[in-house]
Structure formats: C-alpha cells, structure tokens
Amino acid sequence: MSEAQETAGRQDAGPPTVTGVDRFFRITERGSTFGREIRGGFATFFTMAYILVLNPLILGSAKDKFGEQLDPVQLTTATALVAAVMTVIMGVGGNLPLALAAGLGLNAVVAFQLAPLMSWDDAMGLIVLEGLLICVLVVTGLREAVMHAIPQPLKQAISVGIGLFIALIGFVDAGFVTRIPDAANTTVPVQLGSTGTLAGWPMLVFCVGVLLTIGLLARKVRGAILISIVAMTVVALVINALADVKTWGLTTPEWPDRMVDAPDFGLLGQFSLFGAFGQVGVVTVVLLVFTLVLSDFFDTMGTVVGVSAEAGLLDEDGKVPGLGKVLLIDGAAAVAGGAASASSATSYIESAAGVGEGARTGFANLVTGSLFGLALFLTPLLTIVPLQAAAPALVAVGFLMMTQVRHIEWDRYEIAIPAFLTIAVMPFTYSITNGIGAGFLAYVLIKTVLGRAKEVHWLLWGTSALFLVYFAIDPIEQLLGV
C-alpha cells in the first residue's frame with residue numbers, strides 16, 4: 001500500500017471511538033484519558049487512606065458521657081464503607097474527581113466536644129441533623145448562591161491557601177515539621193523534625209520521596225505522584241525489614257499476618273436523632289449544630305473550589321460545573337457518616353493528588369471508591385503505606401495549587417489583603433474554614449471603609465456575620481450560660 005493510500009485510510013477511519021463510559025463521564029471532552037483517571041483514583045486513595053487508621057484512633061480513644069467507647073474494628077468498617085459509597089456516588093452524580101470520607105477536625109469535635117456531653121448515639125444524631133440541614137440549604141439554593149457570590153480573586157486565594165495547608169499537612173504527617181513543647185507543656189512555634197534536626201529512617205523515606213516526586217514532576221513523567229508513593233512504600237518495607245526503626249507513626253510498613261479480615265457492621269444505624277436535646281438542652285444543641293454546619297459548609301466550599309480550579313474545571317465565571325449536585329451529595333455524606341457512626345463525611349482536599357495525576361472526571365472516584373470497598377476486607381494490606389511515603393504527594397500538590405497565586409492582583413489592597421489573610425490563616429490555624437472566614441471579614445471591612453459597601457453581595461454580608469458568631473462562639477456561650 002502506498003503512503004497516499006495509508007493516509008487516505010487513516011482519514012476514512014475517522015476520529016477515535018468514544019465509548020459510552022467516556023461520554024457519560026466526559027473523559028475525552030475534559031482532556032483526560034482512562035489511564036489518567038485510574039492513576040488519579042489510586043493516588044487519591046493512597047493519600048487519604050490514613051483515615052482508615054486515624055478516624056478509628058480519634059473516635060475510639062474518646063469516651064462518651066457514660067464512659068462508653070466505640071469499637072475500633074467497627075469504626076474501621078464504618079469509615080471504609082461510608083468513604084466507598086459516597087465517593088462512588090460523587091463520581092457518578094457529581095462527575096468530579098472529589099473523594100469523600102470522615103472529616104478530620106469534625107471527628108475531633110465529635111470525640112472531644114460532643115461525646116463528653118451525651119451518648120455516642122446522641123452525638124452521631126447531631127451529625128445526621130447537621131447533614132440534613134446542609135441538604136436543606138442546598139435544596140433551597142442558598143449554599144450554591146453563597147459560593148457564586150464569592151469574588152473570583154477570593155476563590156483563587158482559597159485555592160492557594162489550601163495548597164499551603166495541604167503541603168503543611170504533608171510535612172506534619174511525615175514528622176518533617178513538629179511542634180515544640182515548652183516548659184509549661186504547651187505548644188509554641190514549629191521546628192524541623194522532632195529535635196530541630198532530621199533523623200531516622202522514616203524521615204529519609206519522606207525526604208527521598210519529596211525529591212523523587214518533584215524530580216518526576218519536573219520531567220513531566222506520567223504518574224509521577226503514584227510512582228513516588230509506590231516506590232517509597234517498597235523502600236519503606238525493605239527498610240523496616242532490615243533496620244531497627246523505633247516508630248513510623250500511625251502506619252508501619254510491614255506485611256500483615258493476614259491479608260483478609262471480615263468487616264464488622266455493628267455501628268451502622270446506631271444514632272439517636274433527637275436524643276441530644278434531652279441531654280444538653282435546646283440552646284446548646286443549636287450552638288453545637290451551628291458550629292458543625294459552618295465548619296462543614298465552608299470546608300467543603302474551599303475544597304470543591306480548590307480541586308475544581310486545579311483541575312481546570314471552573315467556567316469563565318469561576319463556577320464549578322454541576323455544583324448543586326456536588327453540594328447535595330456532600331451534605332448527604334454528612335448524614336451517611338453520622339448514621340454509620342463514622343462522624344461527618346466530607347469532601348477531601350487530598351483529592352488534589354488525583355488531579356495532580358491527571359484526573360478530571362468522576363471516573364477516578366470509581367477507582368478510589370472501589371479501593372475503599374476493598375479496604376472493608378483488605379484493611380491489613382491496604383494500610384501498609386506509611387505516611388512518610390504518601391506525604392510527599394501532598395507537598396507536591398501544595399506546589400501545584402500554589403501556582404494560582406499569580407492570578408491575584410496584589411497591587412489592589414481591597415483584594416490583596418483579604419487574599420493574604422485567607423492564604424495565611426488556613427495553614428497557620430490548620431483550618432480551611434478559619435481562612436475563609438478571615439478573608440470574608442477582611443473583604444467586607446475594607447469595602448466598607450473605602451465607601452464601597454454596596455459592591456459587597458448581600459450573601460457575603462450574611463456569611464460574614466455568621467463568621468463573627470463563629471469566631472466569638474466561646475464568649476457567646478459564656479453570655480448564654482451554656
């Protein structure tokens with residue numbers, strides 16, 4: 001066959017066949033491939049699999065008002081089940097590479113603020129109520145309207161702040177950064193390592209992992225983040241087998257005695273929807289639910305905007321595609337988390353690791369959700385990845401999200417100051433919600449003192465007022481005597 005005939009044949013063949021799955025998830029349309037989505041799904045799972053260890057540790061270590069503790073095995077099952085189901089639902093219904101699981105911070109509130117005041121069933125009932133209230137806010141359009149009311153520069157600042165926050169999470173999880181206890185046994189500014197120096201095999205794994213990840217990213221190697229996680233896990237397994245390592249932290253890289261373990265669903269449905277009212281009273285319940293809703297509301301908002309922006313999925317007006325469905329599913333995840341006694345489930349910023357691998361659609365969630373489903377039976381095997389091997393991915397993703405800082409107009413103080421506070425407060429207070437609140441309040445204040453208060457959307461005025469209550473919740477509780 002001549003070259004001309006070959007060329008004509010290729011032209012007659014037409015464009016590559018697009019499958020039904022591709023069309024449903026819009027994989028090709030968003031510039032992705034099945035390979036990128038699969039790699040992204042694996043990367044997201046490995047960067048957030050720590051929740052299978054951490055959530056049972058936090059909830060299982062606390063006692064309720066009556067001295068009862070939750071079973072760690074049942075907590076592991078509940079955590080994996082909720083993450084698997086809600087991540088898949090988000091993938092199919094929301095079509096975003098946004099995984100969900102029990103929220104860090106929110107689980108600590110449940111364990112150390114709610115449980116001491118009531119029974120575990122009552123505490124989980126409050127989580128269900130919080131999730132139902134969020135769903136109501138979504139159905140009424142209020143939650144989506146608030147997100148659309150945020151100026152584009154503040155959305156970019158949220159993404160940058162989350163980038164710094166997620167990088168700090170990586171450094172802290174790996175032990176590269178630690179807090180310094182002083183003579184009064186309180187915490188003061190952070191330091192390098194546990195003694196001011198880097199020491200130990202686990203730290204070597206993390207440092208080499210960071211160098212490997214950034215080197216692969218610089219060379220634009222496909223699967224850079226996932227390759228690093230897998231490679232450093234293998235290295236960690238070898239080191240742990242040959243060297244005398246005192247501790248790896250939450251997860252030790254060693255082959256388990258058994259690879260399969262039966263799930264225990266004993267905690268499912270163990271919640272009391274209105275029991276807390278009888279335990280602590282209506283006013284206290286309202287304040288507790290308000291705190292939960294506000295934290296969940298804006299954590300999710302920041303995560304959705306940040307991950308979507310990093311994936312290049314925001315439209316020309318800075319809006320997230322299919323936002324209503326995404327927010328409704330996230331609210332339903334809170335309900336599911338409470339109903340399963342796994343604490344409130346929410347969108348995970350670690351999903352940005354999957355985006356860093358090229359994930360752009362909900363198909364990646366099918367992979368991540370399936371791995372959480374496997375974790376119901378293969379928890380011993382799937383939790384061998386130490387934080388020191390997964391944390392470099394968070395540092396790399398932090399860099400990728402940080403690059404959006406170039407879009408902020410730093411010579412306009414009415415934008416630059418709120419943006420700066422948003423970016424700085426997130427990592428410094430270890431909270432996405434706190435950063436968003438600081439940025440909102442600064443934006444409203446500066447617009448007001450400049451005589452341009454009319455430019456502020458009324459929803460920003462309302463949410464800023466709520467943030468005032470949020471930041472002043474302690475004196476308010478004291479004034480109300482609760």
Side-chain angles (χ1 to χ4, degrees), residues 26 30 40 44 47-48 83 86-106 131 134-135 137-139 141-163 165-166 293-315 317-334 337 344-356 359-362 364-365 368-369 397-398 400-401 404 422 426 431-437 439-440 459 463:
R26 301 167 64 185
R30 292 185 178 179
T44 294
T47 54
M48 62 184 287
M86 296 314 302
T87 295
V88 169
I89 291 176
M90 178 65 82
V92 175
N95 198 24
L96 284 182
L98 196 66
L100 300 96
L104 279 176
L106 287 170
I134 286 178
C135 289
L137 293 176
V138 174
V139 172
L142 183 61
R143 196 179 190 190
E144 186 172 351
V146 170
M147 293 188 69
H148 291 332
I150 302 171
Q152 180 66 10
L154 278 186
K155 290 181 180 179
Q156 293 161 341
I158 289 170
S159 298
V160 175
I162 289 175
F165 180 38
I166 199 171
V293 167
L294 205 62
S295 180
D296 205 347
F297 189 111
F298 286 100
D299 262 17
T300 296
M301 190 190 73
T303 299
V304 171
V305 171
V307 171
S308 299
E310 181 59 26
L313 298 178
L314 299 181
D315 63 19
D317 296 322
K319 296 181 179 179
V320 178
L323 180 60
K325 291 181 180 179
V326 171
L327 296 178
L328 184 60
I329 294 169
D330 185 86
S344 179
T346 188
S347 303
Y348 257 59
I349 190 57
E350 283 85 350
S351 303
V355 171
R360 296 294 181 270
T361 76
N365 276 30
T368 304
V397 169
L400 294 174
M401 299 187 73
Q404 296 186 54
T422 300
M426 281 189 195
S431 168
I432 294 173
T433 298
N434 292 345
I436 293 175
F440 277 21
L459 283 173
T463 52

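Just so you know, these numbers use all the heavy atoms, side chains as well, and skip hydrogens, waters and symmetry mates. Only a predicted model underlies this, so the values are computations on that prediction, with no experimental measurement involved.
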Test side chain to side chain contact (heavy atoms under 4.5 Å, CB included) on Val293 and Leu137; report intermediate values, then the result. CA-CA 10 Å; Val293 167; Leu137 293 176; 4.3 Å; yes
Taking Arg30 for the side chain and Arg360 for the main chain, is one N or O donor matched with an acceptor at less than 3.5 Å? yes
Testing the basics here: between Ala364 and Ala359, what is the closest heavy-atom pair and its distance to 0.1 Å? CB-CB, 3.7 Å
With a 4.5 Å limit on heavy-atom distance, are the side chains of Ile150 and Leu459 in contact? no
Note, Leu100 side chain near Thr346 side chain (heavy atom, < 4.5 Å): no
Taking all non-hydrogen atoms of both residues, which atom of Ala99 and which atom of Ser351 are closest, and how far apart? N-OG, 2.9 Å
Looking only at non-hydrogen atoms, find the nearest pair between Val88 and Gly369 and report the distance. CG2-CA, 3.9 Å
Residues forming a side-chain hydrogen bond (donor to acceptor under 3.5 Å, both in side chains) with Gln156, sequence neighbours excluded: none
May I have the step-by-step check of side chain to side chain contact (heavy atoms under 4.5 Å, CB included) for Glu350 and Thr44, ending in yes or no? CA-CA 6 Å; Glu350 283 85 350; Thr44 294; 5.5 Å; no
To the nearest 0.5 Å, what is the distance between NZ (Lys325) and CG (Asp330)? 16.0 Å
Output yes when a side-chain donor or acceptor of Asn365 lies under 3.5 Å from a complementary backbone atom of Ile89, and no otherwise. no
If you apply the rule side chain to side chain contact (heavy atoms under 4.5 Å, CB included), what do you find for Met426 with Val160, and how did you get there? CA-CA 10 Å; Met426 281 189 195; Val160 175; over 6 Å; no
Got a list of side-chain donor-acceptor pairs under 3.5 Å for residues 305-312, not counting sequence neighbours?
unit_1: Ser308; atom_1: OG; unit_2: Val304; atom_2: O; d: 2.8

For the residue pair Thr300 and Ser347, confirm or rule out a side-chain donor-acceptor distance under 3.5 Å. no
